[in-house]
Amino acid sequence: MNMVDWDFAVTVGSRLAGPGPVVAGDEALAAVAELREGADRSTPLVQEFTGLRTESGTAPVLVVDRGGWIQANADGFSKILAPIVDKLVEKKGEPGPVASAIGSRVTGAEVGLMLGFLGTKVLGQFDPFHDPSGRLLLVAPNIVHTEREIGADPTDFRLWVCLHEETHRVQFTANPWLGEHLLAQMNEVAGTIEPSALVDGLRRGAEAIRSGDGSVLDMVSSPEQKEILDRVTGVMSLLEGHADVVMDGVGPTVIPSVAQIRKKFNQRRQGVGTLDKLLRRLLGLDAKMAQYRDGAVFVRHVVDKVGMDDFNAVWSGPETLPSKAEITDPDAWITRVL
């Protein structure tokens with residue numbers, strides 16, 4: 001059974017996103033080569049700064065276009081939502097072919113609308129759910145568009161983005177349990193959501209893009225669901241904040257214009273209609289900006305107080321990850337874990 005027509009979602013999303021900025025052939029090839037080189041160059045820089053070690057060759061780096069990013073995320077969502085589909089079949093049986101085709105196509109259009117919008121904004125993403133050990137996606141058209149938009153030096157900006165995204169790759173490949181834990185949490189959330197609520201939530205999420213209201217997670221309302229989401233929020237805040245700290249720590253040593261890039265990029269994050277403000281509406285918990293801001297404050301506080309080696313106890317296992325509450329109270333995490 002297909003609750004979502006994923007192929008149709010990818011088609012809708014790719015058409016909505018479009019190809020991105022106009023780039024000459026030679027310039028496009030140079031950008032792709034520079035991003036691959038930037039990712040390779042970032043690996044030892046991130047490892048040295050963080051003290052995390054990962055085997056070379058794990059989790060490939062892919063430079064993709066907008067359609068490639070949309071396809072990758074459709075594949076990931078399909079994997080996460082599989083428990084809901086199984087639950088629906090178990091409760092109600094397989095729907096008729098006509099009902100299945102119509103329902104999945106409508107939902108596919110809603111998902112495609114969200115992926116298409118986000119596909120124009122995302123610069124890079126580590127996909128921890130791709131077998132066998134994840135993959136790093138760098139979205140070349142969006143990186144080129146953003147560097148032009150903020151007037152950044154292309155070489156500097158591309159390496160800066162690679163530092164952030166490569167930190168995510170190192171986080172997961174140095175700690176293989178992390179991806180499994182995050183998928184388990186997502187599956188636990190998915191397993192508690194009623195299929196009808198999922199469809200309604202996806203439609204509200206699509207409407208939120210058009211109107212600026214509503215939340216795709218309005219379907220998550222029980223105490224059990226919110227408790228799981230709090231755990232996921234704590235993990236994501238750690239990951240995003242840690243990556244921001246690393247890129248700001250390493251950046252000045254290898255990127256001459258890093259101060260100007262950070263200033264302009266922060267201004268862009270606050271702009272009306274940007275990805276982060278959209279995600280705040282969609283998630284209903286001011287998630288993304290809070291993750292960058294609060295997570296970075298947490299990491300800097302703990303590292304300043306106990307040093308990077310002791311901070312790295314955070315990667316020991318699920319039990320040492322900070323809770324959502326500890327992200328804003330790092331001393332409580334230090335007391336509990338160290």
Is Leu45 reachable from Val246 through a run of hydrophobic residues whose side-chain heavy atoms are each under 4.5 Å from the next? yes
With rounding to the nearest 0.5 Å, note down the distance linking CH2 in Trp315 to CG in Leu238. 4.0 Å
Looking at Lys305 and Asp331, is any side-chain nitrogen of the basic one under 4.0 Å from a carboxylate oxygen of the acidic one? yes
Treating Asn312 as the side-chain partner and Leu52 as the backbone partner, does any N or O pair qualify as donor plus acceptor under 3.5 Å? no
Ser323 side-chain N/O to Glu326 backbone N/O, donor-acceptor pair under 3.5 Å: yes
Do Ser78 side-chain atoms and Ala74 backbone N/O form a donor-acceptor pair below 3.5 Å? no
What orientation do Phe265 and Trp160 show, parallel under 30°, tilted 30 to 60°, or perpendicular over 60°? perpendicular
With rounding to the nearest 0.5 Å, note down the distance linking CG in Leu137 to NE2 in His130. 9.0 Å
Less than 4.5 Å apart, any side-chain heavy atom of Asp127 and any of Phe129? yes
Atom CG in Leu115, atom CD in Glu110: separation rounded to 0.5 Å? 12.0 Å
What's the verdict on side-chain contact (heavy atoms from CB on, under 4.5 Å) for Val250 and Val46, showing C-alpha distance, side-chain angles and the deciding distance? CA-CA 7 Å; Val250 175; Val46 171; 5.6 Å; no
Would you call Asn142 and Lys121 a side-chain contact if the rule is heavy atoms closer than 4.5 Å? no
Which pair of non-hydrogen atoms, one from Ile70 and one from Gly116, has the smallest distance, and what is that distance? CD1-CA, 4.1 Å
Are the side chain of Asp5 and the backbone N or O of Gly108 linked by a donor-acceptor pair below 3.5 Å? no
Please report the shortest heavy-atom distance between Thr173 and Ser133, naming the atom on each side. CG2-O, 4.2 Å
Apply side chain to side chain donor-acceptor pair (under 3.5 Å) to Thr328 and list each qualifying residue two or more places apart in sequence or on a separate chain. none
Interatomic distance, Asp156 atom CG to Ser257 atom OG [nearest 0.5 angstrom]: 3.5 Å
Main-chain N/O of Ala59 paired to Arg169 side chain as donor or acceptor, under 3.5 Å: yes
Contact between Phe8 and Val111 at the side-chain level, heavy atoms closer than 4.5 Å - yes or no? no
Flag for Asn73-Gln125: side-chain donor and acceptor within less than 3.5 Å: yes
Donor-acceptor pair, Thr320 side chain versus Val314 backbone, under 3.5 Å? yes
I'd like to know if the side chain of Glu166 and the backbone of Asp40 have a donor-acceptor N/O pair within less than 3.5 Å. no
No-hydrogen, no-angle side-chain donor-acceptor test under 3.5 Å, His164 and Asp244: yes
Run the numbers on Arg41 and Glu34 for salt bridge (charged side-chain N to carboxylate O under 4.0 Å, His left out), then give the verdict. CA-CA 10 Å; Arg41 184 181 176 191; Glu34 195 162 40; over 6 Å; no
To check you understand the geometry: which heavy-atom pair defines the closest contact between Gly234 and Ile327, and what is its length? O-CD1, 3.8 Å
Please set out all donor-acceptor pairs under 3.5 angstrom arising from side-chain atoms of residues 10-29, sequence neighbours excluded.
residue : atom : partner : partner atom : Å
Thr11   : OG1  : Asp7    : O            : 3.0
Ser14   : OG   : Val10   : O            : 2.8
Glu27   : OE2  : Arg148  : NH2          : 3.3

Taking 4.0 angstrom as the limit, do Asp131 and Lys79 come out as a salt bridge? yes
Does any non-hydrogen side-chain atom of Val139 lie less than 4.5 Å from one of Leu123? no
Between Val144 and Val32, is there shared hydrophobic-cluster membership here, with clusters defined by ILVMFWY side-chain heavy atoms closer than 4.5 Å? no
Rounded to the nearest 0.5 Å, how far does CG of Leu35 lie from CD1 of Ile143? 4.5 Å
For atom CD of Glu319, is the number of surrounding heavy atoms from other residues, nucleotides or ligands below 6.0 Å larger than 12? yes
Within a reach of under 6.0 Å around CZ of Phe77, are more than 12 heavy atoms found that belong to other residues, nucleotides or ligands? no
Are the side chains of Thr233 and Met236 in touch, meaning some heavy atoms are under 4.5 Å apart? no
Would a 4.5 Å heavy-atom cut-off, applied to side chains only, mark Arg135 and Phe126 as touching? no
From CH2 (Trp333) to OG1 (Thr335), nearest 0.5 Å: 10.5 Å
Please examine the side chains of Arg300 and Asp248, heavy atoms only from C-beta on, and report whether any two atoms are closer than 4.5 Å. yes
Do you see a donor-acceptor pair shorter than 3.5 Å between the side chains of His168 and Gln171? yes
Okay, side chain of Trp69, backbone of Leu138: is any donor-acceptor separation there less than 3.5 Å? no
Would you say the side chains of Ser237 and Asp294 form a donor-acceptor pair under 3.5 Å? no
Could you go through Leu321 and His181, starting from their C-alpha distance and side-chain angles, then the distance that decides it, and tell me whether this counts as side-chain contact (heavy atoms from CB on, under 4.5 Å)? CA-CA 11 Å; Leu321 291 171; His181 171 71; 3.6 Å; yes
Are any of the side-chain nitrogens in Asp329 or Arg336 under 4.0 Å away from the carboxylate oxygens of its partner? no
Does Glu227 pair with Lys324 as a salt bridge, N-O distance under 4.0 Å? no
When you check the side-chain N and O atoms of Arg231 and Gln185, is any donor under 3.5 Å from an acceptor? yes
Using the rule given for ring-ring contact (aromatic ring centres under 6.0 Å, His included), can you reason through His242 versus Phe298, listing the C-alpha separation, both sets of side-chain angles and the distance that settles it, and then say yes or no? CA-CA 9 Å; His242 183 245; Phe298 170 86; over 10 Å; no
Could you please spell out the steps behind the salt bridge (charged side-chain N to carboxylate O under 4.0 Å, His left out) verdict for Asp153 and Arg158? CA-CA 9 Å; Asp153 176 86; Arg158 291 165 192 175; over 6 Å; no
Is there a path of hydrophobic side-chain contacts, each under 4.5 Å between heavy atoms of I/L/V/M/F/W/Y residues, joining Val297 to Val302? no
Please name the pair of heavy atoms, one in Pro318 and one in Trp177, separated by the smallest distance, quoted to 0.1 Å. N-CZ3, 3.5 Å
Atom of Gly249, atom of Pro252 and distance for their closest heavy-atom approach: O-CD, 3.7 Å
If you compare all heavy atoms of Leu159 against all heavy atoms of Ser42, which two are closest, and at what distance to 0.1 Å? CD1-OG, 3.7 Å
Any side-chain to backbone donor/acceptor pair from Asn175 onto Leu178? Under 3.5 Å, distance only. no
With a 4.5 Å heavy-atom cut-off, do Leu163 and Ile255 have their side chains touching? yes
